[in-house]
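Just so we're on the same page: letters track the sequence lines, and every chain starts at 1. As a basis for the values below, the full set of heavy atoms in this structure was taken, side chains included, without hydrogen atoms, waters or symmetry mates.
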Amino acid sequence: MQRASIGHQIEKFLRIVLDKVSPTWIVTVERKGTALLRTLVESPAGPGPKWVGWDHVVSSKALPFAPESSFKEGTILLLDDAIHSGHRITDAWRSLTELRNIPAERIKVAVFGVHERADFQPVDYWWLGELSKDNYFGVRESIIQFFQQRGSLLLDTEHVEVPVQINCGRLEFFDALCRAGQGVEYVSSGGRHNLTVHEPVILNRDAFVKLLPPGTLIDGVLSKIRVIERDKNWYTIIPIFYPATPISSQGGSLSRLYPCLAEIAGDAELNFQLVSVFASIKLFQTVFACLRDLINDGRVRVCVPKANDPNDTIGHLKAIFPKIDLEELHLEVEKSVELGRAWKLRKSELRNFERIEAADGGRYSNVLKGLYWDVLTSALRYTDRLAFANQPGLSYEEILNSTRSSSIGSDPSVVEALAGTAVDMAIDEAQLVSDTRQFPFVDGINRISKVLKLDGEIVLSDVRRANAMWRFPYPPVTDWSLVSSCRQA
Amino acid sequence: MPTSLEFSRDRYMSRCRDSCTIFGYVLRKRFQRLKKEDPAIVGLSEFDVDKTMRFLAKIWRQRSEEIILGSGGTHKPSNRIDAFPVEPNYNDKHGHRLAFPPAGETPNGPTRDLKPVLTVIQAFDSKVPDSEKILITKQIDEPWGIIERFVPQISSTSLIPLVQSGRIDESDIEFLTRLGDVFGVLTEWEIQAIGRHESAEWTQDSLLEEFARWYWFSTEALRQLKTGEDPRGAARLLWQCWSFALECIRKAGLPLVYMSGKDANRYTGDNELYELALEKVKTELRETEALDNREREISNRITHFIDKVQPPSNQIWLDPRVSVLGFPAFCCWTFATFLSGTLKELNIFARTILPSRLSSVTPSDVDSASENILRLSNLPPNSQPKIFTLGWWEQQKPALNQAIPIPSRDDLQQNPAVLADFVSSAELMLNSLWDNFMANHISNIRLQKGA
């Protein structure tokens, strides 16, 4: 199935569903459902008159945090990209009907592709139904590729994004950002030129730490700036920062965060996510301090979205944080961007890193491919070892530890950056998905941290099959899509 | 020559475009290496870009020839860029440059209506957004005017479409990466020396062109001085006269006498630079401790290809075809220093580009040149050596030609009317040098070559 046509089909499907259902609320099943919706909302033609707005969209993960006043009236559209066995959509359905006591007749279910053996009923609207095993996998991969082409839309939806338009060379732009940290340039499977800057500099670090809940750790955690190509000359900047927060963090310990975050504090997991949003927005200062000269020369144009803009790239956070004040959040992002633009970086704040090129033929391309494999097999081993304990996944530090030994001889900082990129690619290609987990740290404090795991049964069986076929050290095939094609083997 | 390396019109435009991308990649690697050593570097000059591409084209062709010959006849024509579709010896006012034949050519082969590769790259770049350009241009304000520098923007990610279409493969990228990095150990002067010399015949051709340009600018400068037109125009011509004379003496591989000012150490004869450049790249290629086996193998192959395409310097500069042009080069350099060096001190040129552009020429240099020009004009015709050295000149030291009066610099400064006399004397000297030591000589060479 061609990627261009899958995009048209998705858009058509969503427009028809919105038109027929006229929902007052939309519940998206985890990240793919939200990504599906974003393709419509951010399309050139716009979402159309039946679009409910991001403040009436809730991700299935965020259902427990939606205000009591949500879902009171009208029809709720439950949306997913595809159903295989249907576990996730079933969980979302139960959250609505059993926890929220919403009558089933008020819920309409729309799924783009349905496997012939999917158990879940009822599916009110579908585009491709009764899909055989092969066709289902084909549709799934086409959708993932489509998301990649549109610019890594499968990134977890709790990230704030700021688009920029560049009127300079791509490498000028990337090199400016690499002043913040080690950058890895690569091409996604959708053909997009992306950059990830690992462990970027935090400006005014001591003051920043004081704003976080006491006992929060910012070293050794996932911290990066992703720069995703969305269109010619258009990039979106997505800082991702997950400080490890103590599980004992109460709402009051978030009082020094932005008011729009502090006021919706709740349990430990929610607080962890809110601290992450705060920390990520802080990284915009670093980004725009690095881009300051290019911006002042008019060679980079920053487009901080306003609330309710047609191309709002922040509003989708409402799906994850239903109670958040989006207008305030937009303002905080804008402030952080402006602080960065006004900041003149001192030499002591800069790092002298080269931009690593991870394309085929480069000296690191095979290292990256090997690390991609390492990351997936680490996640598989973890799953097999601890499946009985129902543990959510591997921490970023655990993943890095598992890759260090297999890249002996290479510069450790380069390997770490490449491992981080391997994780990014695996997330973009729906091989890995993130979750949270509590860890005991050496200081005796239990903290919540981000973890990664294989995304679903299909990926799990693919990786297990490939692992069985190619033992050690790396698979001889370097094209991961060939692994998927081995389902027939 | 293997069949697939012959010039072909097949899918010509796309091969040009992809060739430009490959050039851009190697330029980028060079630039990155240079920047590592000197973070202040802003970009590459036009000459640097051109000569780097020439050097690359020579090595790439040699490599492809050996691959094809080594295939034992099994090599099939494909989408691959075995040889860049370029003419390496396009000669315009800037000297020999790498050029593409124009796209609308007849199938009978390239004509002389060539387009420099750099110009073509800029033409391609004008049609794409900045983020997709091969070269970004930066304008830099220097005391002597605004200069352009180019910053290559091609990374390995940009080569992916070329790999997918079969133009190059991963082993080519590894080769180009190492090659570009090695190019980065050379200064701009060194890469120019390597890029523009590869045989005695071509160096001879290049020198003949430079002599012609020097002569044209000298006569034009004198003409304009006689008419008393805007000194800025005359200043530009005088600078060009000196600049082309500098090219003559550099390319002839002579020591750069008459240059002792603050910028003098920037200039060295091409033979010295050429030898130094070869030494540096080969030393760099031998430094393989930090490399893996594959990179070591590539380094060895590059050394082999360089040995094939770049002969030792004495095969160029001691070849009679080149060495015989040493004396004419000395003549035009002496004249240019005398003429432009004397006039740059005058008040009428104080606000022109001349003083800054000739800042490396001191009054004592001008005095030496003035004395030597009078001696040269007294040297009998046909007495020039087959191999010119300063030692030969010191031995010869003809008497000063008292028949040509030259106003002193003080006279020129104090009495502007004396300028006309100076110009007349200079014209006499120019014609004497040209007629006695250059014109017949050059035309004989052209006759021999059948030009």
Side-chain angles (χ1 to χ4, degrees), chain A residues 164-176 178-179 183-195 227 229-235 293-294 297-301 347 350 352-369 408-411 421 478-479, chain B residues 22 24-29 31-33 35-36 39 42-43 125 127-139 149-164 167-181 184 289-296 298:
Chain A
V164 297
Q165 184 184 33
I166 67 170
N167 298 311
C168 61
R170 183 175 66 241
L171 297 189
E172 275 188 293
F173 174 58
F174 281 0
D175 284 345
C178 287
R179 296 162 79 201
V184 178
E185 180 193 0
Y186 67 99
V187 175
S188 72
S189 59
R192 298 293 187 183
H193 290 262
N194 297 342
L195 176 79
V227 186
E229 185 184 19
R230 284 272 155 90
D231 206 341
K232 279 195 196 316
N233 284 348
W234 281 96
Y235 287 81
D293 291 340
L294 287 175
D297 288 345
R299 299 167 73 218
V300 168
R301 191 167 73 92
K347 277 197 180 154
L350 297 175
N352 261 341
F353 282 116
E354 266 182 56
R355 179 182 31 83
I356 300 169
E357 295 174 19
D360 287 346
R363 83 193 299 218
Y364 297 114
S365 68
N366 286 336
V367 176
L368 179 60
K369 285 169 189 162
I408 291 169
S410 303
D411 181 341
T421 300
T478 55
D479 184 348
Chain B
I22 296 169
Y25 179 67
V26 173
L27 288 168
R28 177 73 198 185
K29 289 296 151 196
F31 175 67
Q32 273 175 207
R33 181 66 187 266
K35 204 154 172 74
K36 216 196 271 190
V42 174
D125 279 348
K127 300 204 184 318
V128 298
D130 282 353
S131 62
E132 292 179 22
K133 289 190 196 306
I134 296 172
L135 297 175
I136 294 286
T137 308
K138 289 199 185 286
Q139 311 262 346
R149 287 292 181 263
F150 300 100
V151 185
Q153 297 293 306
I154 301 294
S155 65
S156 54
T157 57
S158 302
L159 299 180
I160 290 174
L162 273 68
V163 175
Q164 289 168 342
R167 286 280 192 233
I168 54 176
D169 58 30
E170 284 185 31
S171 69
D172 294 326
I173 297 178
E174 289 171 343
F175 182 86
L176 292 166
T177 304
R178 180 69 178 131
L179 191 63
D181 189 58
E289 279 173 18
L291 304 179
D292 60 33
N293 287 339
R294 180 91 186 112
E295 285 167 327
R296 276 195 203 108
I298 291 171

Where [X] and [Y] come nearest, the two heavy atoms and their spacing:
X	Y	result
A:V187	B:I160	CG2-CD1, 3.4 Å
A:C168	B:I136	C-CD1, 4.2 Å
A:E172	B:Q153	N-OE1, 3.0 Å

For B:Y25, all residues meeting ring-ring contact (aromatic ring centres under 6.0 Å, His included), sequence neighbours excluded: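 Here no residue qualifies.
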Under the ring-ring contact (aromatic ring centres under 6.0 Å, His included) test, residues paired with A:F173 that sit two or more places apart: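 Once residues adjacent in sequence are excluded, the partners of A:F173 under the ring-ring contact (aromatic ring centres under 6.0 Å, His included) criterion are A:Y235.
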Audit row: A:D175, B:R28, salt bridge (charged side-chain N to carboxylate O under 4.0 Å, His left out) steps and yes/no: CA-CA 13 Å; A:D175 284 345; B:R28 177 73 198 185; 2.6 Å; yes
Side chains of A:R170 and B:S158 in contact at under 4.5 Å (non-hydrogen atoms): yes
Point-to-point distance, once rounded to the nearest 0.5 Å, from [atom1] of [X] to [atom2] of [Y]:
X	Y	atom1	atom2	answer
A:N366	B:R294	CG	CZ	10.5 Å
A:L171	B:K133	CG	NZ	14.0 Å
A:L195	B:T157	CG	OG1	10.0 Å

Part of B:K35 within contact of chain A (heavy atom distance under 4.5 Å):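 For B:K35, neither part sits under 4.5 Å from chain A.
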Chain A contact via B:I154 - side chain, backbone, both or neither, heavy atoms under 4.5 Å: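 The backbone, not the side chain.
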Backbone N/O of B:S155 and side chain of A:E357: donor-acceptor pair under 3.5 Å: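 No: the side chain of A:E357 does not pair with the backbone of B:S155.
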